[in-house]
Amino acid sequence: MGTIDLLGQSPALLQACAALLGLLVGSFLNVVALRLPVMMERAWRRECAELLGSADTAGPEQPLSLLHPPSRCPHCGHAIRAWENIPVLSWLLLRGRCSGCAGPIAVRYPVIEALTGLLSWVAAWQLGWGWQLAGALPLTWALIALTVIDLDQQLLPDQITLPFLWLGLLLNAFGVYTDPASAILGAAAGYLALWTLYQVFKRLTGKEGMGYGDFKLLALFGAWLGWQMLPQIVLISALVGSVVGVTLIALRRHERSVPIPFGPYLAAAGWIAVLWGEQINAGYLRVAGIG
């Protein structure tokens with residue numbers, strides 16, 4: 001029996017492999033969340049300098065990509081060795097301290113690794129072996145990266161959202177999650193729904209209620225799940241975002257004038273819809289007496 005057949009016939013093994021793979025990917029997502037915004041800022045600065053015909057005021061910088069240079073301690077520059085880069089376990093063995101200078105290692109690193117492993121396990125548990133899981137795992141990882149970057153920078157990079165929007169359309173050309181027509185309409189409706197809300201809010205208040213990255217993220221979910229899932233995603237994200245926002249303001253942990261990123265709530269609602277969207281819609285229809 002081949003490995004592929006074994007994974008298909010053993011749910012426990014599939015879930016364990018998904019969790020292990022998620023832990024490894026989570027370590028890479030930490031790098032993505034830290035480096036991608038810096039890489040984007042450098043690119044913007046170079047483009048502005050070229051358009052203005054001026055020199056880049058930042059001067060020469062060390063080349064930076066998602067793979068190079070190797071990770072180092074931000075305090076002392078100590079190169080992270082292989083045994084110090086084992087997801088979650090290394091942080092625990094090092095007791096959250098750099099082996100070179102004993103400087104603190106942020107707890108966010110093992111948290112992101114553990115969360116990626118956990119959500120990968122949940123996706124495998126819910127979807128089982130098949131093309132839906134093959135798509136859901138990379139989507140899960142992309143949503144985690146987007147969430148962390150949005151919380152840090154209030155930014156949803158096109159470098160992540162747009163490729164996954166196209167991937168959703170490609171998968172649904174073969175009907176993996178929904179039919180092609182629903183996917184195309186979903187992508188258009190997802191973008192236009194939030195774009196319209198943005199324009200109305202801006203004209204009424206003179207303020208920008210959300211960013212263009214949010215439009216593209218909802219379009220992404222429309223491409224993956226079809227237009228039928230968009231009301232559910234918007235409703236769940238708006239409810240959770242409102243509750244969390246009001247709670248933070250009430251506890252005085254967030255200033256009223258400081259915008260709260262909407263991307264994390266949208267990502268969470270969309271991820272829930274990928275795994276349980278049909279059951280949630282069916283349950284609502286039963287309660288409403290329609291189904």
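Model, not experiment: these values are computed from the prediction.
- A donor-acceptor contact closer than 3.5 angstrom is absent between the side chains of Asn281 and Gln228.
- In this pair, Trp125 and Trp121 present their aromatic rings parallel. The plane angle is below 30°, not in the 30 to 60° band.
- Using modelled atom types, no side-chain atom of Asn172 and backbone atom of Ala183 make a donor-acceptor pair closer than 3.5 Å.
- Side-chain contact between Phe164 and Pro138: present, with at least one pair of heavy atoms (C-beta onward) separated by less than 4.5 Å.
- Side-chain atoms of Ser182 do not come within 3.5 Å of backbone N or O of Thr178 as any donor-acceptor pair.
- Linking ILVMFWY side-chain heavy atoms closer than 4.5 Å, directly or via other members, places Leu197 and Tyr265 in a single hydrophobic cluster.
- Glu113 places a side-chain N or O within donor-acceptor distance of the main-chain N or O of Val88, the cut-off being under 3.5 Å.
- Atom-to-atom distance recorded for Arg35:CZ and Leu67:CG is 8.0 Å, nearest 0.5 angstrom.
- How far CD of Gln132 is from CD of Gln126: 9.5 Å, rounded to the nearest 0.5 Å.
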Exercise. Between Trp195 and Val200, is a side-chain contact (heavy atoms from CB on, under 4.5 Å) present by the stated rule, with each step listed?
Worked result: CA-CA 9 Å; Trp195 179 86; Val200 171; over 6 Å; no
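- Looking at heavy atoms from C-beta onward, Leu217 lies in side-chain contact with Leu143 at the 4.5 angstrom threshold.
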Problem set entry | Evaluation steps, side-chain contact (heavy atoms from CB on, under 4.5 Å), between Leu220 and Leu139 | CA-CA 10 Å; Leu220 179 158; Leu139 178 62; 3.8 Å; yes
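- Nearest approach of Ser120 to Gly22, heavy atoms of both residues: OG-CA, 3.5 Å.
- Cluster membership for Leu167 and Leu156, using ILVMFWY side-chain heavy atoms within less than 4.5 angstrom, is shared.
- A distance of 14.5 Å separates CD of Glu47 from CZ of Arg42, quoted to the nearest 0.5 Å.
- The environment of CD in Glu278 is sparse: at most 12 heavy-atom neighbours from other residues, nucleotides or ligands sit within 6.0 Å.
- Sorted by first and then second residue, the side chain to side chain donor-acceptor pair (under 3.5 Å) pairs involving residues 212-227 (not counting sequence neighbours) are Asp158-Lys216.
- Within the 4.5 Å cutoff, side-chain heavy atoms of Val31 are placed close to those of Ser71.
- Placement of Ile80 and Trp91 in two distinct hydrophobic clusters is found when ILVMFWY residues are connected by side-chain heavy-atom separations under 4.5 Å, directly or transitively.
- Counting heavy atoms from C-beta on, the side chains of Leu119 and Leu115 come closer than 4.5 Å.
- Criterion: ILVMFWY side-chain heavy atoms under 4.5 Å apart, direct or through other members. Under it, Leu127 and Ile272 are part of a common hydrophobic cluster.
- From Leu20, atom CG reaches atom CD of Gln15 across 13.5 Å, with rounding to the nearest 0.5 Å.
- Taking the side chain as every heavy atom from C-beta outward, Leu194 and Leu266 approach each other to under 4.5 Å.
- Of all non-hydrogen atoms in Leu225 and Gly270, the two that sit nearest each other are CD1-O, 4.2 Å.
- Residues Leu155 and Met40 form a side-chain contact, since some pair of their non-hydrogen atoms from C-beta on lies under 4.5 Å apart.
- The two residues Ala114 and Leu23 make their nearest non-hydrogen contact at CA-CD2, 4.0 Å.
- Side-chain contact between Asn85 and Ser90 is absent, with no heavy atoms from C-beta onward closer than 4.5 Å.
- Within 6.0 Å of the CH2 atom in Trp166, the count of heavy atoms belonging to other residues, nucleotides or ligands does not exceed 12.
- Note on Leu36: it does not cluster hydrophobically with Tyr109, by side-chain heavy-atom contacts below 4.5 Å among ILVMFWY residues.
- Here CD1 of Ile105 is found 9.0 Å from CZ of Arg97. Values are rounded to the nearest 0.5 Å.
- Taking 4.5 Å as the limit, some side-chain heavy atom of Cys101 sits within range of a side-chain heavy atom of Cys73.
- Between the side chains of Arg81 and Ser99, at least one donor N or O lies within less than 3.5 Å of an accepting N or O.
- The structure places CG of Leu137 at 11.0 Å from SG of Cys17, a figure rounded to the nearest 0.5 Å.
- Residues Trp271 and Thr140 have side chains that bring a donor and an acceptor to within less than 3.5 angstrom of each other.
- Within the structure, the salt bridge (charged side-chain N to carboxylate O under 4.0 Å, His left out) test picks out no pair touching residues 217-244 (sequence neighbours left out).
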Exercise. How far apart are the C-alpha atoms of Arg45 and Cys48, what are their side-chain angles, what is the distance that settles it, and do they pass the side-chain contact (heavy atoms from CB on, under 4.5 Å) test?
Worked result: CA-CA 5 Å; Arg45 198 165 54 232; Cys48 290; 5.8 Å; no
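- Residues Asp150 and Pro264 come closest through the heavy atom pair OD2-CD, 3.1 Å.
- Pro261 approaches Leu151 most closely through the heavy-atom pair CG-CD2, 4.1 Å.
- For residues 176-193, the set of pairs meeting the salt bridge (charged side-chain N to carboxylate O under 4.0 Å, His left out) definition, not counting sequence neighbours, is empty.
- Between Glu50 and Arg46 there is no salt bridge, since none of the side-chain N atoms of the basic residue sits less than 4.0 Å from a carboxylate O of the acidic one.
- For Ala33 against Arg108, the heavy-atom pair with the smallest separation is CB-NH2, 4.0 Å.
- Heavy-atom contacts from other residues, nucleotides or ligands closer than 6.0 Å to CH2 of Trp131 number 12 or fewer.
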